[in-house]
Asks: 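Dropping the structure in here first, questions after.
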Amino acid sequence: MTGSRPFRPPLDALRPAAFGVDPAGERMARIRRSPHFADGVFVNPEGTRRTPSGSMLKFLPTYFRKEERALRAPVHAVPVHPTTVADLAVPPASGLRLTWMGHSSVLAEIDGRRVLFDPVWSERCSPFSFAGPRRLHPVPVPLAETGPLDAVVISHDHYDHLDMPTVRTLARRTGVAFVVPLGVGAHLEHWGVPADRITELDWHESTRIGELTLTATPARHFCGRALRNTQHTLWASWVVAGPEHRIFHSGDTGYFPGFTAIGERYGPFDATMMQVGAYSEFWPDIHMTPEEGMRAHLDLQGGDATRGVMMPIHWGTFNLAPHPWAEPAEWSKDAAEETGYVVALPKPGEPFEPAGAVPTDPWWRAVAPPISHPWRSHEAPAVIPETELQREFDLAEER
């Protein structure tokens, strides 16, 4: 038609569904009332720090250096434990069983209930099926064979913890509750999870599922799924307490003194699932090293090394940092031997009961490139404002 203008779809129509949506309306009003929301963003319990060389521009050449890339993936197929539906159908004798599905995905069977943490079953942790970090091992158990679930718990909205295809599949299961930090419910509703099955919690808020109490606890991280992070969704660690057992899932976090307070208020724990992978000197305070994860575990247990089992998570499945693939496991094993703490090192998909035989075999050595053992304590870099660290992530995403 003469004089007509070409149709330009609104920008929202071009936004990939996997980006999710920003909180709005009453959800955003509740976020603004949070004591952890200030100057338009969620803030960490303690300021972030960086090393003098801590810019993302300096990190990227390190990440793509050929000789180092070769160390960041297994050289043979990762052994995956052949867990079956029948295995998971037998209740744990002790009342508590954990199955690490890879990365931060853990199936926890606790006091007669089943809780699935940070489920990511997709081939890539990315908004796109054709690009982004790809799995280094297959999913150990098909999602349909994980058995009945009472709750899905999400720690924060990064792609390696909140996976749209997995959420959409789980949303089709009747009666499964989704328990998430403030703001994350906006993504879930956008993907078809009914609002009445979503519970959003601020730090130190709780909800009950049967006899379990699920509590969001502080973590030191950040959020965001689109090209720019609005910091309008919260990140959290999680405590799940039943009549007989208590467990802790760290989500993603840097080390901070708040672990002691969490342990005093909600612990001690029969098991902790601690993030020990994807650390780097370039972001020293948003992910923990194995040494820091072990320290956090001890803090949570009130300083008593005889209490509970620590299971390292957030390693082995996706290549997300410059350290060698097997380093988190080797460092965790070394730290356990030096301190005497009980550390579980299962293969992906290998169920175990913390009160029983704990897997400690270094299975990764058969498939990993040889690595040195350079781990040691690093001096803490200078404190910088939270907004500066976030600006660096934003600039890196834009490039």
Side-chain angles (χ1 to χ4, degrees), residues 71-83 87 92 94 96-109 117-118 135-141 247-252 269-279 287-298 300-301 305-321 323-375:
L71 298 176
R72 297 203 302 271
V75 294
H76 302 293
V78 174
V80 173
H81 188 81
T83 301
D87 293 332
S94 66
L96 176 63
R97 181 167 59 203
L98 302 178
T99 306
W100 179 51
M101 299 296 183
H103 202 57
S104 293
S105 302
V106 181
L107 175 63
E109 299 166 86
F117 292 96
D118 285 356
R135 284 187 164 273
L136 299 174
H137 65 78
V139 175
V141 179
I247 58 176
F248 176 86
H249 188 285
S250 70
D252 274 4
F269 300 97
D270 298 281
T272 67
M273 297 156 272
M274 305 301 293
Q275 172 265 304
V276 301
Y279 47 83
H287 283 162
M288 292 190 292
T289 66
E291 180 182 65
E292 291 169 325
M294 183 94 39
R295 190 192 319 167
H297 169 76
L298 185 62
L300 290 162
Q301 304 291 37
T306 66
R307 288 174 169 171
V309 173
M310 170 188 162
M311 180 171 69
I313 59 172
H314 203 266
W315 78 278
T317 304
F318 299 107
N319 181 356
L320 302 175
H323 62 68
W325 174 72
E327 185 175 281
E330 286 288 352
W331 193 348
S332 295
K333 188 171 180 62
D334 282 356
E337 291 171 353
E338 290 172 4
T339 61
Y341 300 167
V342 180
V343 175
L345 296 161
K347 300 181 184 73
E350 181 179 4
F352 74 96
E353 299 189 33
V358 175
T360 59
D361 179 62
W363 54 266
W364 57 87
R365 291 178 182 169
V367 301
I371 60 172
S372 60
H373 296 194
W375 31 89

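Numbers here simply count residues along the sequence, with the first being 1. Predicted, not measured: the structure shown is a model, and the values here were computed from it.
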Asks: Search all heavy atoms of A278 against all heavy atoms of A321 and return the closest pair with its distance.
Replies: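 Closest approach of A278 to A321, heavy atoms only: CA-CB, 3.4 Å.
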Asks: Might you point out which heavy atoms bring N319 and L136 nearest each other, and give the distance in Å?
Replies: N-CD1, 4.2 Å
Asks: When rounded to the nearest 0.5 angstrom, what distance separates CG in D270 from CG in L98?
Replies: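 If we round to the nearest 0.5 Å, D270:CG and L98:CG are 9.5 Å apart.
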Asks: Evaluate the side-chain proximity of P348 to H81: yes if any heavy-atom separation is below 4.5 Å, no if none is.
Replies: no
Asks: Please report the closest heavy-atom contact between V75 and P369, naming both atoms and the distance.
Replies: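 V75 and P369 have their closest heavy atoms at CG1-CG, 3.7 Å.
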Asks: Does L107 reach the side chain of M101, with side-chain heavy atoms less than 4.5 Å apart?
Replies: yes
Asks: Taking the side chain as everything from C-beta on, heavy atoms only, tell me whether W325 gets closer than 4.5 Å to V367.
Replies: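 In contact.
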Asks: Identify the two heavy atoms, one from M294 and one from A336, that lie closest to each other, and give their separation to 0.1 Å.
Replies: CE-N, 3.8 Å
Asks: Taking the side chain as every heavy atom from C-beta outward, state whether T289 and W331 have any atom pair closer than 4.5 Å.
Replies: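 In short, these two side chains touch, coming nearer than 4.5 Å.
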Asks: Got V343 and E337 here, is their nearest side-chain heavy-atom distance under 4.5 Å?
Replies: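 No, side chains not in contact.
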Asks: Testing the basics here: between H76 and A366, what is the closest heavy-atom pair and its distance to 0.1 Å?
Replies: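 Result for this residue pair: CD2-O, 3.6 Å.
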Asks: Could you measure the distance from the NE2 atom of H323 to the CD1 atom of I371? Nearest 0.5 Å is fine.
Replies: 10.0 Å
Asks: Going by atom types only, do Q275 and S250 share a side-chain donor-acceptor pair under 3.5 Å?
Replies: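 Side chains of Q275 and S250: no pair found under 3.5 Å.
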Asks: Drop me the distance from T83's OG1 to K347's NZ, to the nearest 0.5 angstrom.
Replies: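 With rounding to 0.5 Å, OG1 (T83) is 10.5 Å from NZ (K347).
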Asks: Pick out which of E292, E291, H287, E327 makes a side-chain hydrogen bond (donor to acceptor under 3.5 Å, both in side chains) with Y279.
Replies: E327
Asks: Do any N or O atoms from the side chain of S105 and from the backbone of D118 form a donor-acceptor pair under 3.5 angstrom?
Replies: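 Flag set: sc S105 to bb D118 pair under 3.5 Å.
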Asks: Would you say R97's side chain and E353's backbone share a donor-acceptor pair under 3.5 angstrom?
Replies: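 No; judged by distance alone, with no hydrogens or angles, the pair does not exist.
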Asks: Return the orientation label for the W100 and W363 ring planes: parallel under 30°, perpendicular over 60°, tilted otherwise.
Replies: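 Tilted.
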Asks: If only atom types and distance count, is the side chain of H314 paired as donor or acceptor with the main-chain N or O of G277 below 3.5 Å?
Replies: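 Yes, the answer is positive, given that a donor and an acceptor are paired below the 3.5 Å cut-off.
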Asks: Side chains of T99 and V106: does their closest heavy-atom pair fall under 4.5 Å?
Replies: no
Asks: State the NZ-CG distance between K333 and L345, to the nearest 0.5 angstrom.
Replies: 6.5 Å
Asks: Consider side-chain hydrogen bond (donor to acceptor under 3.5 Å, both in side chains). Of R135, H137, H103, which one does T317 pass it with?
Replies: H137
Asks: Looking at P328 and P290, what are the two nearest heavy atoms and their distance?
Replies: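 Distance-wise, the nearest heavy atoms are O-CG, 3.7 Å.
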Asks: Does some side-chain heavy atom of F117 sit less than 4.5 Å from a side-chain heavy atom of I247?
Replies: yes
Asks: Nearest 0.5 Å please: distance from the CG atom of L96 over to the CZ atom of F269.
Replies: 12.5 Å
Asks: Quick one: sort the H297 and Y341 rings into parallel, tilted or perpendicular, breaks at 30° and 60°.
Replies: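 Answer is tilted, since the angle falls between 30° and 60°.
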Asks: Hey, what do you get for CG (L320) to CZ (R72), rounding to the nearest 0.5 Å?
Replies: 10.0 Å
